[in-house]
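Have a look at the structure below, then the notes.
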Amino acid sequence: DQLAAGRIGTVEAVGFVGSGDPHGGSRVAPFLTDSLAAEVGNNLLTIMGGHTLAALDRVVGPALGPLTDVSSVIARPGKVTVIGSGEELANGVATHLAFVGRYASGAVGSVSLHGGNRPGPAGFELRITGSDGALIVTPRAPGEYINWADWRVRLAPASGEVEDLAVPASYGTGGGVSANLTHLYRDLAAAITEGRPATPDFHTAVRVQRILAAVERSADTGTRQVP
């Protein structure tokens, strides 16, 4: 809504930095050892990367369109240590990743995700920069991911002081993780009942999966890829 209202002018760049703990660390909990195999699909790229891309699709997609190309780098250390036993296991998944790309509008996009050994994430920052200022999003509480956190949203205008923006109650926020997930499912149920398009939908999933696949191809080939 802030972007649609033109609060920061023309969007020129979207940047996200976040942590993916407990995925991607040099140590792994016993219940996550199966996630070290890429074919399981439970890792920093597929889970944290997927949720991050879905959130960005919801926030900036209507204004910027989809990402049209990506260039990425992925770190995959060969061994990780199992917490408790000290056993070393082979690692076949991303522990850190970063990619840059361009949206259909021409705006630059960047995502940087970092694994770690904490039991939960250490926070995130989403910065949407426009010709007349920036919107800065961080979690209101520690230990939450972008896809389920209550957001603190600040407006940094080109001239003037940075200010906190109130998030409307109609967005379904303020109740923490369980309330936010409940709001999502209620919206999906209402869309089905009312016969209107749901958001996110199947097309959202397709866009996200294509970008994830392009990120992997880019890291493997060292070349820019089209989702």
Side-chain angles (χ1 to χ4, degrees), residues 1-18 49-70 99-113 123-141 144-177 179-208 211 227:
D1 289 346
Q2 296 295 319
L3 299 182
R7 293 294 298 274
I8 60 172
T10 301
V11 176
E12 299 173 343
V14 178
F16 175 86
V17 178
H51 285 313
T52 298
L53 288 172
L56 295 181
D57 186 270
R58 180 72 176 262
V59 174
V60 303
L64 306 183
L67 282 165
T68 58
D69 62 72
V70 295
F99 70 84
V100 295
R102 191 173 298 278
Y103 286 94
S105 68
V108 173
S110 65
V111 171
S112 182
L113 276 169
F124 65 84
E125 180 180 287
L126 168 61
R127 184 179 294 261
I128 306 170
T129 303
S131 55
D132 297 326
L135 289 168
I136 305 163
V137 178
T138 53
R140 285 197 173 276
E144 294 186 357
Y145 304 103
I146 186 173
N147 55 302
W148 65 31
D150 285 327
W151 290 7
R152 179 189 181 193
V153 183
R154 288 172 290 162
L155 172 66
S159 58
E161 298 297 320
V162 177
E163 61 174 301
D164 276 273
L165 301 179
V167 178
S170 61
Y171 285 24
T173 61
V177 174
N180 292 342
L181 292 176
T182 299
H183 181 78
L184 172 66
Y185 286 117
R186 282 179 176 169
D187 187 65
L188 176 62
I192 295 171
T193 301
E194 298 165 10
R196 58 176 172 82
T199 304
D201 59 10
F202 178 77
H203 301 289
T204 305
V206 171
R207 287 193 297 273
V208 169
I211 295 169

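What you see is a predicted model, and the numbers here were worked out from it, not measured in a lab.
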Query - With sequence neighbours excluded, residues passing side chain to side chain contact (heavy atoms under 4.5 Å, CB included) with E161 - result: none
Query - Sequence-distant partners of Y145, ring pair (Phe, Tyr, Trp, His ring centres under 6.0 Å), two or more places apart - result: W148
**Report entry** Distance-minimising heavy-atom pair for T129 and I8
**Finding:** C-CD1, 4.2 Å
Query raised in the report: Between S131 and T10, is there a donor-acceptor pair closer than 3.5 Å when you use the side chain of the first and the backbone of the second?
Result: yes
**Report entry** Residues which pass side chain to side chain contact (heavy atoms under 4.5 Å, CB included) with A189, listed by chain and number, not counting sequence neighbours
**Finding:** none
Report summary line: In short, L67 meets P227 closest at the heavy-atom pair O-CG, 3.7 Å
Query raised in the report: Rounded to the nearest 0.5 Å, how far does CG of L184 lie from OG1 of T199?
Result: 10.0 Å
**Report entry** From CA spacing to verdict: side-chain contact (heavy atoms from CB on, under 4.5 Å), V59, I128
**Finding:** CA-CA 10 Å; V59 174; I128 306 170; 3.9 Å; yes
Query raised in the report: Taking T68 for the side chain and R102 for the main chain, is one N or O donor matched with an acceptor at less than 3.5 Å?
Result: yes
**Report entry** Closest non-hydrogen atom pair between A191 and P197, with its separation
**Finding:** CB-O, 3.9 Å
**Report entry** Least distance between heavy atoms, W151 atom then R140 atom
**Finding:** O-NE, 3.2 Å
Report task. Check T52, I146, V17 against F124 for a side chain to side chain contact (heavy atoms under 4.5 Å, CB included) and give me the one that passes. Result -> I146
Query raised in the report: Quick one: OG1 on T204 to CG on L53, what's the gap to the nearest 0.5 Å?
Result: 11.5 Å
Query raised in the report: Can you tell if the side chain of L126 reaches within under 4.5 Å of the side chain of L56, non-hydrogen atoms only?
Result: yes
Query - From CA spacing to verdict: side-chain contact (heavy atoms from CB on, under 4.5 Å), V11, V60 - result: CA-CA 9 Å; V11 176; V60 303; 5.8 Å; no
Report task. Take atom CG of D164 as the centre, draw a 6.0 Å sphere, and report whether it contains more than 12 heavy atoms from other residues, nucleotides or ligands. Result -> yes
Report task. Could you go through the side-chain contact (heavy atoms from CB on, under 4.5 Å) check for L155 and L135 one step at a time? Result -> CA-CA 5 Å; L155 172 66; L135 289 168; 3.9 Å; yes
**Report entry** Where Y103 and L64 come nearest, the two heavy atoms and their spacing
**Finding:** CB-O, 3.8 Å
Requested in this report: Would you list the pairs meeting salt bridge (Lys or Arg N to Asp or Glu O under 4.0 Å) in which at least one residue belongs to residues 182-202, sequence neighbours left out?
Outcome: D187-R196, E194-R196
Requested in this report: With sequence neighbours left out, write down each residue that passes side chain to side chain contact (heavy atoms under 4.5 Å, CB included) with D132, or none if nothing qualifies.
Outcome: none
Query - salt bridge (Lys or Arg N to Asp or Glu O under 4.0 Å) contacts in which one or both residues fall within residues 49-61, not counting sequence neighbours - result: D57-R207
Report task. To the nearest 0.5 angstrom, please state how far the CD atom of E125 sits from the CZ atom of R152. Result -> 10.5 Å
Query raised in the report: Under 4.5 Å between any side-chain heavy atoms of R7 and L165, yes or no?
Result: yes
Query - Closest heavy-atom pair and its distance - A104, G65 - result: CB-CA, 4.3 Å
Report task. Start with the C-alpha distance between F16 and L113, add both sets of side-chain angles, then the distance that settles side-chain contact (heavy atoms from CB on, under 4.5 Å), and finish with yes or no. Result -> CA-CA 8 Å; F16 175 86; L113 276 169; 3.9 Å; yes
